[in-house]
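One structure is given below, encoded as structure tokens.
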Amino acid sequence: MSPQSILNLFKDFILVFHMIIDSYKGVYPTVSKKTYIAFFVMIIYIITPIDFIPDFIPIIGIVDDVIITKIILGLVSEDLSNYKVWKASIRKGSVV
């Protein structure tokens, strides 16, 4: 993976986090249960010390975290795309 693709992955991770927060606040109500579950599974996997490849191993220790993040973001891509459209419409001042 290139540094740019890792950066895009990180940006999408942050965007999913914002989507979950906006949904929790009631500002954005269309997040599926699948997305909630996938997001929390991803968070738990990333923060737990037990991984397929231990995090203390330099460089390759975070590879499994990146792979899991990529898989989860792929699973929630439809909700994420809808959120991006909604977010862009809010920035332009229109209400969807």
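Note that this is a predicted model, so its numbers are computed, not measured.
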- Would you please test Lys84 and Asp79 for salt bridge (charged side-chain N to carboxylate O under 4.0 Å, His left out) and show each step? CA-CA 9 Å; Lys84 286 177 182 179; Asp79 277 344; over 6 Å; no
Report task. Show the numbers, then the answer: is there a side chain to side chain contact (heavy atoms under 4.5 Å, CB included) between Leu80 and Phe13? Result -> CA-CA 10 Å; Leu80 186 58; Phe13 173 82; over 6 Å; no
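Here the closest non-hydrogen pair linking Lys34 and Leu75 is NZ-O, 2.9 Å.
Counting heavy atoms from C-beta on, the side chains of Ile72 and Tyr45 never come closer than 4.5 Å. Two residues are said to be in side-chain contact when any heavy atoms from C-beta on lie closer than 4.5 Å; Val16 and Leu73 meet this criterion. Looking at heavy atoms from C-beta onward, Phe10 lies out of side-chain contact with Asn8 at the 4.5 angstrom threshold. Within the 4.5 Å cutoff, side-chain heavy atoms of Ser23 are placed close to those of Tyr36.
Taking NZ of Lys11 as the reference point, atom CD1 of Ile14 lies at 11.5 Å (rounded to 0.5 Å). Rounding to the nearest 0.5 angstrom, the gap separating the OH atom in Tyr83 from the OH atom in Tyr28 is 8.0 Å. For the atom pair CH2 (Trp86) and OG1 (Thr30), the distance works out to 8.5 Å, reported to the nearest 0.5 Å. Separating the NZ atom in Lys87 from the NE2 atom in His18 is a distance of 7.0 Å, to the nearest 0.5 Å. Between atom CD of residue Glu78 and atom OG1 of residue Thr35 there is a gap of 8.5 Å, rounded to the nearest 0.5 Å.
Relative ring orientation between Phe17 and Phe39 is described as tilted, the plane-to-plane angle lying within the 30° to 60° band.
The number of heavy atoms from other shown groups lying within 6.0 Å of CD1 (Ile62) does not exceed 12.
For the side-chain contact (heavy atoms from CB on, under 4.5 Å) with Met42, the qualifying choice from Ile71, Thr69, Val76, Ile37 is Thr69, the only one to do so.
The pair Lys70-Asp65 does not meet the salt-bridge criterion, since no charged nitrogen lies less than 4.0 angstrom from a carboxylate oxygen.
Both Phe40 and Leu15 are part of a single hydrophobic cluster, where members link through side-chain heavy atoms under 4.5 Å apart. Hydrophobic clustering of Ile, Leu, Val, Met, Phe, Trp and Tyr side chains at less than 4.5 Å, counting indirect connections, keeps Ile44 apart from Tyr24. Under the 4.5 Å side-chain heavy-atom criterion for grouping Ile, Leu, Val, Met, Phe, Trp and Tyr, Val41 is not connected to Ile20 through any hydrophobic cluster. Under the 4.5 Å side-chain heavy-atom criterion for grouping Ile, Leu, Val, Met, Phe, Trp and Tyr, Ile21 is connected to Met19 within one hydrophobic cluster.
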